Amino acid sequence: MTENLSENELLQQRRSKLEELRKQGKAYPNSFRRDSLSQDLKTLCFKMTKEELEEKAIEVSVAGRIMLQRIMGKASFITLQDMKGQIQAYVRSNDLPEGEYDEFKTWDLGDIVGIKGTLFLTKTGELTVNASSIEMLTKSLKPLPEKHSGLVDTEQRYRKRYLDLITNQDSLEVFQKRSQIISSVRDFFINHEYLEVETPMMHSILGGASAKPFTTHHNALDMDLYLRIAPELYLKRLVVGGMEKVFEINRNFRNEGLSTKHNPEFTMLEYYTAYADFNDQMNFIEGLFKHITEQVFGTSKLEQEGIECDFSKPFTRIRLKDSVAQKLSVDISVLDNRDFLMEIGEKYKIENLANLSDGKILFELFEELVEDNLINPTFITGYPKDVSPLSRSSDDNDSEVDRFELFIGGKEIANGFSELNDPEDQAERFRDQVAQKSAGDEEAMEFDSDYVEALEYGLPPCAGVGIGIDRLVMLLTGAKSIRDVLLFPQMKPKN
RNA sequence: GGGCCGUUAGCUCAGUCGGUAGAGCAGUUCGCUUUUAACGAAUUGGUCCUGCGUUCGAGUCGCAGACGGCCCA
């Protein structure tokens, strides 16, 4: 927006207040230092009586944004908000130098101020700073959203997240929880001797997942690069290099539509463990979830879609084919029958049916019929090989791979498998991907010969897992949209 | 990509059958020394998302578009 002459009256009023501060040399100072945060003071004084507080006469400096004002003729209450919450201050004309109270009365909601004074309890028992000195630290030129409702307009909440955070406590709490969840994940891995690493975000070969990429260009090298869709192939190179336990928490980019479940950039946890298989990883995940829920929420029991889930108990494990057979109330053996699969596939309107392999049809049926109903934490195993180009083939069934996905609340939360470490098998799977790509599959991988070479040096038997952090945070905070767990979700620019 | 819904004061929202644009909060002015969504009185403030059309007259009806939300693919 361009600055124009007919500027809003509210803005003009505040600007002239700022001009007055400038004249007095009191605009935007940075010499005030606080020594206390709102919630810390409340915790400190929690059990003290009015008399005890008076006797101790605790001197504090607090700072924050004015969220509420109750202005009276010669004394006022204001509510300050800082990073930990809110605290009330009592500003009395008699306790301030001549003229300051009148100046104080021109302060606006949203201004950022510093206050020094002594703690006391009001007659209704609220901890309050009795101001002995006050200072305007940052004049706010724009009025805050309405004080009761906060910022409601969804679009503005995403575009101007700072206003959402100032006025909506719930929103702030989601992001505090997000931070705690990620810390808790890091703790868990570091305690289990994993090394945190960062691998390239810009890839010259597309791989590690099935997705459409963003493309960018490196000028000096005059070459196109993809923003990564997954870190997998780099992390496994590190395992070849002897980093036997590695994890990375970082952004992936996928060139797809936006929805309540998708943002073009999203955060992924991936980790790899040498000398472990997919069964070990399922056990490990159970431990991870128990750790996160207990550490962040203080309980392992959280409600999902109206059902209480206990994350301290072992998760349900069921084979993909069994779950589909159960849903259809048919014997598992009929799912090996192509004609039957075609018939059911038709019934559930699966596209391009004739060109799909049996495995792919089964997979699509699973997504269509079963996925949404997996509310309690459930591991699905026995994935078809042709939807899993990087997974190790199952020892006892050549058409399946040693892979699982974890579903909670009807959403896919984790995907893991025993890694394919046979370079010849891997080369074969890449060739298959390339064929699918030239047949028009935009999401197919490219042949990564450098990766195959790494495998030729020897990737120890290992297993890896990817967990979508945004979805995990949605799950644990009850957020309905991924935009509610991303500070700045992708939006179209206005104008 | 398709369907439905939304966009009115800084914010939260009303606006009937097409006939001068409304409230609460915020702001301004006055009063008020323990209030707490402070209170009482007065008062300022509008690109009704944009464009085109219908009409004597459009916030309201029609068409197109922008942005957003939800659902579906």
Side-chain angles (χ1 to χ4, degrees), chain A residues 1-2 4-18 38 42 50 53-54 65-81 85-96 100-102 104-111 117-131 139-164 166-169 212 255-263 348-352 364 367-368 372 479-484 488-495:
Chain A
M1 281 273 258
T2 51
N4 57 39
L5 291 173
S6 60
E7 196 173 60
N8 179 309
E9 187 186 337
L10 294 171
L11 205 63
Q12 276 179 17
Q13 284 165 350
R14 290 192 178 209
R15 247 181 230 291
S16 63
K17 289 177 184 178
L18 174 63
S38 56
K42 286 181 180 173
K50 205 169 161 69
L53 260 178
E54 230 162 82
R65 198 182 284 276
I66 303 175
M67 297 306 288
L68 293 169
Q69 290 173 315
R70 293 167 290 283
I71 307 291
M72 291 167 280
K74 294 207 164 50
S76 302
F77 290 90
I78 57 173
T79 303
L80 290 191
Q81 178 166 289
Q86 298 188 333
I87 190 158
Q88 179 171 261
Y90 181 52
V91 180
R92 215 164 68 112
S93 171
N94 293 8
D95 298 338
L96 298 176
E100 273 198 26
Y101 187 75
D102 289 334
F104 161 81
K105 284 209 276 187
T106 68
W107 290 4
D108 292 299
L109 291 181
D111 289 347
T118 317
L119 292 175
F120 77 107
L121 283 182
T122 64
K123 63 183 179 189
T124 53
E126 178 160 353
L127 186 67
T128 303
V129 181
N130 190 6
K139 181 69 197 168
S140 170
L141 296 177
K142 298 267 238 174
L144 287 181
E146 212 264 352
K147 66 185 180 187
H148 320 137
S149 55
L151 187 62
V152 172
D153 182 69
T154 323
E155 184 174 353
Q156 293 305 321
R157 286 185 45 233
Y158 298 149
R159 288 189 195 275
K160 297 188 177 161
R161 183 66 89 183
Y162 48 91
L163 292 180
D164 182 38
I166 291 168
T167 57
N168 298 323
Q169 185 66 26
K212 290 177 206 161
N255 207 338
E256 290 156 4
L258 290 82
S259 77
T260 48
K261 294 193 186 84
H262 298 90
N263 195 67
Y348 290 99
K349 303 195 173 73
I350 290 167
E351 282 178 28
N352 200 18
E364 301 258 346
E367 288 189 327
E368 178 72 29
D372 291 350
K480 295 268 185 293
S481 168
I482 195 171
R483 294 180 202 111
D484 294 326
F488 299 102
Q490 190 65 49
M491 304 286 276
K492 270 198 182 185
K494 277 209 146 176
N495 304 325

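Keep in mind it's a predicted model, so treat the numbers as computed, not measured. Residue numbers begin at 1 in each chain, while the letters A, B, ... track the order of the sequences.
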Exercise. Does S140(A) offer a backbone N or O that forms a donor-acceptor pair with the side chain of K17(A) under 3.5 Å?
Worked result: no
For this session: Let me know the distance between CD of E368(A) and P of rA73(B), rounded to the nearest Å.
Result: 7 Å
For this session: Pick the P atom in rA9(B) and in rC48(B), then give their distance to the nearest Å.
Result: 9 Å
Problem set entry | Exam field: side chain Q69(A) to backbone W107(A), donor-acceptor pair closer than 3.5 Å | yes
For this session: Could you tell me the separation between the NZ atom of K142(A) and the P atom of rG45(B), rounded to a whole number of Å?
Result: 19 Å
For this session: Would you kindly compare S93(A) and D153(A) by the position of their nearest RNA chain B nucleotide and give the one closer to the 5′ end?
Result: D153(A)
Exercise. Looking at K142(A), K139(A), K147(A), R65(A), which hits salt bridge (charged side-chain N to carboxylate O under 4.0 Å, His left out) with D108(A)?
Worked result: K139(A)
Problem set entry | Integer angstrom distance from the P of rA41(B) to that of rU7(B) | 32 Å
Problem set entry | Closest listed nucleotide, where the reference is the side chain of R92(A) and the choices are rG68(B), rU33(B), rU34(B) | rU33(B)
For this session: Rounded to whole angstrom, note down the C1' distance from rG15(B) over to rG59(B).
Result: 8 Å
Exercise. How many Å lie between CG on D484(A) and C1' on rG69(B), as a whole number?
Worked result: 11 Å
Exercise. Name the stems that RNA chain B belongs to, where each is three or more consecutive Watson-Crick or G-U pairs with both distances under 3.5 Å?
Worked result: B:1-7 with B:66-72, B:10-13 with B:22-25, B:27-31 with B:39-43, B:49-53 with B:61-65
For this session: Provide the distance between the two P atoms, one in rA21(B) and one in rU16(B), to the nearest whole Å.
Result: 14 Å
Exercise. The side chain of V152(A) lies closest to which of these nucleotides: rU33(B), rG68(B), rC13(B)?
Worked result: rC13(B)
Exercise. Within the structure shown, what part of the strands sits under 4.0 Å from N94(A) by heavy-atom distance: base, sugar-phosphate, or nothing?
Worked result: base
Exercise. Closest to the R159(A) side chain: rC67(B), rU34(B), rG69(B)?
Worked result: rC67(B)
Problem set entry | Rounded P spacing from rA42(B) to rA26(B) in Å | 16 Å
Exercise. With a 4.0 Å cut-off on heavy atoms, is T167(A) in touch with a base, just the backbone sugar-phosphate, or nothing at all?
Worked result: nothing
Exercise. Using atom P of each nucleotide, how far apart are rU54(B) and rU12(B) to the nearest Å?
Worked result: 36 Å
Problem set entry | rG53(B) and rA14(B), which share atom name C1', separated by this distance in whole Å | 28 Å
For this session: List for me each residue that meets salt bridge (charged side-chain N to carboxylate O under 4.0 Å, His left out) alongside R92(A), sequence neighbours excluded, and say none if there are none.
Result: D95(A)
For this session: Measure across K50(A) and K123(A) and return the closest heavy-atom pair with its distance rounded to 0.1 Å.
Result: NZ-N, 4.2 Å
For this session: Would you tell me if any nitrogen or oxygen in the side chain of R70(A) comes within less than 4.0 Å of OP1 or OP2 on rU34(B)?
Result: no
For this session: Just call it for R157(A): base, sugar-phosphate, or nothing, with non-hydrogen atoms closer than 4.0 Å on any strand.
Result: nothing
Problem set entry | Minimal non-hydrogen separation, L141(A) against L11(A), with atom names | O-CD1, 2.9 Å
Seminar exercise, completed: The contact string for nucleotides 24-32 of chain B, one letter per nucleotide 5' to 3', using protein heavy atoms under 4.0 Å with B, S and - for base, sugar-phosphate only and none, comes out as BBBSS---B
Exercise. Quick one: Y158(A) OH to rC70(B) C1', roughly how many Å, whole number?
Worked result: 11 Å
Problem set entry | Syn-anti status, with the boundary at 90° from 0, for the nucleotide rC32(B) | anti
Exercise. Can you check whether L151(A)'s main-chain N or O pairs, donor with acceptor, with T167(A)'s side chain at less than 3.5 Å?
Worked result: yes
Exercise. Does Q88(A) use its side chain to pair, donor to acceptor, with the backbone of F77(A) at less than 3.5 Å?
Worked result: no
For this session: Grab the CG-P distance between N8(A) and rC11(B) for me, whole Å please.
Result: 9 Å
Exercise. Whole Å only: how far is the CD1 atom of I482(A) from the P atom of rC70(B)?
Worked result: 12 Å
Exercise. Roughly how far apart, to the nearest Å, are rC13(B) and rG69(B) at atom P?
Worked result: 16 Å
For this session: Rounded off to whole Å, could you give me the CG-to-P distance for the D372(A) and rC72(B) pair?
Result: 9 Å
For this session: Please work out if G257(A) contacts a base, only the sugar-phosphate, or nothing of the nucleic acid, heavy-atom cut-off 4.0 Å.
Result: nothing
For this session: Rounded to the nearest angstrom, tell me the gap between atom CD in Q88(A) and atom C1' in rU34(B).
Result: 8 Å
Seminar exercise, completed: Tested for side chain to side chain donor-acceptor pair (under 3.5 Å) against Y158(A), the lone hit among D484(A), D164(A), D153(A) is D484(A)
Problem set entry | Any donor-acceptor N/O pair, S38(A) side chain to G85(A) backbone, under 3.5 Å | yes
Exercise. Across the strands shown, which category fits K492(A) at heavy-atom distances under 4.0 angstrom: base, sugar-phosphate, nothing?
Worked result: sugar-phosphate
For this session: Might you point out which heavy atoms bring R70(A) and I78(A) nearest each other, and give the distance in Å?
Result: NH2-C, 4.4 Å
